Amino acid sequence: MCYIKDLYKYEGEEVTIKGWVYNRRSSGKIVFLLIRDGTGIVQVVVSQGKVSEDVFGLCDTIPYESSVIITGRAYKDERAPGGYELSFENIVVVSFAEDYPISLKEHGIEFLMERRHLWLRSRKPLAVMRIRSTCIKAICDFFDSKGFVRLDAPLLTPSACESTTTLFEVPYFDTKAYLSQSGQLYMEAGCMALGRVYCFGPSFRAEKSKTRRHLTEFWQVEPEVAYATLEDVMKLAEGLVEYIVASVLDKNSLELEILERDTKLLKKIKNPFGSITYTEAVNLVDMDWGGDFGAPEETKLSNMFEKPILVTGYPHEIKAFYMKRNPQDDRIALNFDMLAPEGYGEIIGGGQREDDLAKLEERIDEYNLPRKHYEWYLDLRRYGTCPHAGFGLGLERTVAWICGVHHVRETIPFPRTIDRIYP
RNA sequence: UCCCCGGUGGCUCAAUGGUAGAGCGGGUGGCUGUUAACCACUAGGUUGGGGGUUCGAGUCCCUCCCGGGGAGCCA
């Protein structure tokens, strides 16, 4: 048993691969079987005369995606896609597939999404999923190397973290619970216990968004650091993104090639990224001070820079209640967003948290939030409060940018959107 | 929720208001090195549902359903 990605180690030897029929071509007395096994695709050459008529006929007609165990001799050949191929010795058909609906030709997105469970087997989704996996590992390695403790937040929560209108409600015995839209408040508790913590998992938002940047279930990583300022976590965010991109460039060159990603642009992603204030950004895109950037403005901003750009100091009205305000200018928050280049837009949002009990109580009232649900959170200001800051990075948006795919739905195995919860 | 676009064989798409077609996929046959192989033949359709205009509707009108793109909101 050998994986296709390791074939080069077995040149001249007889090997057995277990996989599926990806494609097949024949030309009279020779059949080419393309077999995939999850690690790669290899071409198997079956010559008439070397095998029985029955076996030759079987190879010539076996349906796509049938599961097969093939034995053959590995050798190098310039003509083979991938550089190595197998000269056929034996085949065991584990299962004959029915007519496979997904061809190598074009399909519409609806057709593919309806068959996401099968579409995952295709070249492009495979490449994206491998890169997603690399990103996840890079994120964990990065925080681990910095001495962070992974402290996962609950997914069932008693109340809103941010706005109450975007929560999925679920029955919880005799009461109601909500699916978490962010682990941040819990990370604030965590950093007061462990100093530097992060959580990594799914978040849920019942936003009725229909855009290429939105999913109702998405993954985010949320670090939170005690005694950190806005500047500290901005540096942390830059380091994280630089590390993720470098990891993908290092481990996934083949996948980036399959995706036809221009790696020259990714190779430029080095610290420092650079930052501008909200006010400067507003002037750059020619809009009025006070509002949040719409998608067109965000895309415009994101296209102005080769590297991700950090935008700081938004008006506090358009940010969450827990954001600390700038002591020099009460109108603006001590926050930042990181916008990815090439039009991909916001991948990170974060900032310094309000650490003063009285001010936080005031904000909770201002935002009309139910005080009793936040008593535990206010405790963090009663018992040893200190400056602290953190951020959240959206995994799917980051993967979409790195892969150069247009829509975030292609960067998660089974996307959940406003009008799709199947398969 | 709002705006725009679309729904035709299994798939991707054609078709001035006038005989519903092509490529791919399926089937059959051919071809000893194919690269989304190619060539020939062949099967396959209540044009999303309902209503209307018309001698005649895939095409025009109304309505509903479904999908796509975008907005708002956000990671």
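Chain identifiers are assigned alphabetically (A, B, ...) following the order of the sequence lines, protein sequences preceding nucleic acid strands; residue numbering begins at 1 within each chain. Just so it is clear, the structure is predicted and the values come from calculations on it, not from any experiment.
Ring centroid separation for the pair Tyr278(A) and Phe336(A) does not come in under the 6.0 Å cut-off.
Checked for salt-bridge contact, Lys324(A) and Glu188(A) miss the test: no charged N lies under 4.0 Å from a carboxylate O. A salt bridge links Arg132(A) with Glu396(A): the distance from a Lys NZ or Arg NE/NH1/NH2 to an Asp or Glu carboxylate oxygen falls below 4.0 Å. Ion pairing between Arg213(A) and Glu298(A) holds under the 4.0 Å rule for side-chain N and carboxylate O.
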Secondary structure of RNA chain B in dot-bracket form (Watson-Crick or G-U wobble, distances below 3.5 Å, | marking inter-strand pairs): (((((((..((((....[..)))).(((((.......))))).....(((((..]....))))))))))))....
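A side-chain donor-acceptor contact under 3.5 Å links Arg212(A) to the backbone of His406(A). Between the side chain of Thr411(A) and the backbone N or O of Val399(A) there is no donor-acceptor pair closer than 3.5 Å.
rU28(B) and rU8(B) have their P atoms separated by 29 Å, given to the nearest Å. With C1' as the reference atom, rC38(B) and rA75(B) are 49 Å apart, rounded to whole Å. Atom C1' of rG72(B) sits at a distance of 12 Å from the matching atom of rC3(B), rounded to the whole Å.
Residue Thr417(A) is the one, among Thr417(A) and Ala295(A), whose nearest nucleotide of RNA chain B lies closer to the 5' end (criterion: closest heavy atom).
Remark: the Asp250(A) side chain and the Ser247(A) side chain contain no N/O donor-acceptor pair separated by less than 3.5 Å. Inspection of the Gln352(A) and Thr229(A) side chains reveals no N or O donor paired with an N or O acceptor under 3.5 Å.
Which of rG33(B), rG72(B), rC74(B) sits closest to the side chain of Arg205(A) comes down to rC74(B). The side chain of Glu85(A) has rU34(B) as its nearest neighbour among rA75(B), rU34(B), rA71(B). In the set rG69(B), rC74(B), rA36(B), the nucleotide with an atom closest to the side chain of His214(A) is rC74(B). Distances from the side chain of Pro296(A) to the nucleotides rA71(B), rA36(B), rG70(B) place rA71(B) closest.
A distance cut-off of 5.5 Å between ring centres, combined with a plane angle under 30°, leaves Phe32(A) outside any stacking arrangement with the base of rG33(B).
The aromatic rings of Tyr8(A) and Tyr84(A) lie tilted to each other, with the angle between the two planes from 30° to 60°.
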Extract from the structure each pairing of a protein N or O with an N or O of nucleotides 1-10 of chain B at less than 3.5 Å, listing the distance.
unit_1, atom_1, unit_2, atom_2, d
rU1(B), O4, Lys208(A), O, 3.2

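Note on Arg409(A): a side-chain N or O is less than 4.0 Å away from OP1 or OP2 of rG69(B).
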